[in-house]
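We name chains A, B, ... by the order of the sequence lines, and we start the count at 1 in each one. Quick caveat: nothing in here was measured; it's all calculated off a predicted structure.
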There are 2 protein chains.
Amino acid sequence: MRIGELAARAGTTTRTLRYYESRGLLPARRDAQGHRTYDEGDLRLLAQIRTLRDFGFDLEETRPFVECLRAGHPEGDSCPASLVVYRHKLAELDALIGQLSAVRETVAGQLARAERARDELAAEALVPGGPEPVCELGGRQ
Amino acid sequence: MRIGELAARAGTTTRTLRYYESRGLLPARRDAQGHRTYDEGDLRLLAQIRTLRDFGFDLEETRPFVECLRAGHPEGDSCPASLVVYRHKLAELDALIGQLSAVRETVAGQLARAERARDELAAEALVPGGPEPVCELGGRQ
DNA sequence: TCTTGCGTTGACGCCGACGTCAACCCGTAC
DNA sequence: GTACGGGTTGACGTCGGCGTCAACGCAAGA
């Protein structure tokens, strides 16, 4: 099959396939017209790449999986190099999730504090004989 | 103070300050020589920006906080627009953490499955009279 | 006087994974 | 003949947040 058909069947674009080829990830044969030609095996390689990319793997990180498939293994993760990438990605995800969770708690705390401060100002403003508004931009619009 | 001193006191670079000014985030006065001049208030604005950036806020998202401080409020998050940014960022973080956690579990599952498959192959290879190795690249190096 | 150290503006580089053009070729259907 | 729907290569654009020159000005100290 040619590049347009492979792209359509894989749910991606011809530009992406040409890019993968330029990176040496998915080389193509050529027919008499110089057009790129692919087979069903290439579709499997491409599906592997797209799946990993959807999971957030860098393009380079998909390389061991692709080479593993091309070496004849039934799955892209049947090779040790792929497992190394899995473990590395897991560690990366754990670190990232940890950082993001810490940031999330900090932001939540800041939001709660800021809302409390705003409500206290609003309550003071309702007290008869309470303090006058200090600023016309006082966050109580 | 001039740009070099402000950058040093804020722990950032002059390039960053010029970039913030180009974005309209931290405009500077000019002295007789055409040099940028800043005061302590600008240092506070800059500190607010850097803190939020360290938490992963986009530069544009810091704008309400900066404008709030410049309007004379005691804190950058004393204004409703800042709270909106807080809430938006919280939702963003929650969504991201959720996605990453789902990916993490998927990857962990794939890793476990692949390791199990590898171990089963290794066990078969140890059985006396077991199957011959199928491939010299068989993931058991 | 000359160097040093600070400042200025403008412009290009970077990172990844492509999108989007331009200019061309080629086979087929009308 | 010609329009159309594929394909080709090459090159520049995108996104954010700066880094890193280049070429210049301007004041103070040796």
Side-chain angles (χ1 to χ4, degrees), chain A residues 1-39 42 45-66 85 88-89 92-93 96 100 103, chain B residues 1-39 42 45-66 85 88-89 92-93 96 100 103:
Chain A
M1 90 195 84
R2 293 191 301 177
I3 193 169
E5 185 182 345
L6 178 58
R9 288 180 64 184
T12 181
T13 69
T14 62
R15 177 68 182 94
T16 295
L17 298 189
R18 279 189 270 263
Y19 177 65
Y20 290 172
E21 181 173 1
S22 79
R23 306 273 80 199
L25 201 59
L26 192 65
R29 272 74 58 197
R30 300 300 179 115
D31 66 13
Q33 284 75 41
H35 292 176
R36 291 173 176 82
T37 322
Y38 304 90
D39 57 21
D42 291 319
L45 300 186
L46 181 52
Q48 173 78 86
I49 298 172
R50 296 310 304 180
T51 300
L52 291 172
R53 291 254 338 104
D54 288 345
F55 284 156
F57 285 66
D58 295 342
L59 203 49
E60 274 310 308
E61 291 176 324
T62 72
R63 196 178 293 273
F65 295 82
V66 175
V85 173
H88 181 257
K89 183 57 69 178
E92 201 177 289
L93 282 168
L96 185 54
L100 290 178
V103 168
Chain B
M1 89 194 87
R2 293 192 299 177
I3 193 170
E5 185 181 346
L6 177 59
R9 290 179 63 183
T12 181
T13 69
T14 62
R15 177 68 183 94
T16 296
L17 298 189
R18 278 190 271 263
Y19 178 65
Y20 290 172
E21 181 174 359
S22 79
R23 306 272 78 199
L25 201 59
L26 192 66
R29 273 71 60 195
R30 299 301 179 114
D31 65 13
Q33 284 74 41
H35 293 175
R36 291 173 177 82
T37 324
Y38 304 89
D39 57 22
D42 291 319
L45 300 186
L46 182 52
Q48 173 77 85
I49 297 172
R50 296 310 305 182
T51 300
L52 291 172
R53 291 253 340 105
D54 288 346
F55 284 156
F57 285 66
D58 294 343
L59 204 48
E60 273 310 308
E61 291 176 325
T62 72
R63 197 179 293 273
F65 295 81
V66 175
V85 173
H88 181 257
K89 182 58 69 177
E92 201 177 289
L93 283 168
L96 185 55
L100 290 178
V103 168

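Between D/dC18 and B/Thr13, no contact under 4.0 Å exists linking OP1 or OP2 to a side-chain N or O. A close approach under 4.0 Å does not occur between any side-chain nitrogen or oxygen of B/Arg18 and OP1 or OP2 of C/dT9. In this structure, A/Thr16 does not reach the C/dA17 phosphate: none of its side-chain N or O atoms is under 4.0 Å from OP1 or OP2.
Across the interface with DNA chain D, nearest-nucleotide mapping of B/Thr12 and A/Arg15 shows A/Arg15 to be the residue nearer the 5′ end.
The pair A/Arg29-A/Asp42 counts as a salt bridge, with a side-chain nitrogen and a carboxylate oxygen less than 4.0 angstrom apart.
Annotation: proximity of residues 19-27 of chain A to DNA chain C (heavy atom, distance under 4.0 Å) is found for A/Tyr19, A/Tyr20, numbered in ascending order. For DNA chain D, none of the residues of residues 45-64 of chain A falls under the heavy-atom distance limit of 4.0 Å. Scanning residues 29-39 of chain A for heavy-atom distances under 4.0 Å to DNA chain D yields A/Arg30, A/Gly34, A/His35, A/Arg36.
Here the straight-line distance linking atom CG of B/Asp54 with atom CD1 of B/Ile49 works out to 11.5 Å at 0.5 Å rounding. The distance from atom CD of A/Glu92 to atom CG of B/Leu100, rounded to the nearest 0.5 Å, is 10.0 Å.
Rounded to an integer number of Å, the gap from A/Leu17 CG to C/dG19 C1' is 14 Å.
For D/dG7, its base never sits under 3.5 Å from the side chain of A/Arg2 at any donor and acceptor pair.
Between the side chains of A/Thr14 and A/Arg18, at least one donor-acceptor pair of N or O atoms lies under 3.5 Å.
When the local axes at the two ends of the helix from C/dT1-D/dA30 to C/dC30-D/dG1 are compared, using 5 base pairs at each end, they differ in direction by 50° after rounding to 10°.
Among residues at least two apart or in separate chains, side chain to side chain donor-acceptor pair (under 3.5 Å) pairs with a member in residues 55-65 of chain B are B/Glu60-B/Arg63, B/Glu61-B/Lys89.
Listed by chain and residue number, B/Tyr20 satisfy the side chain to side chain donor-acceptor pair (under 3.5 Å) test with B/Arg50 (two or more places apart in sequence, or in another chain).
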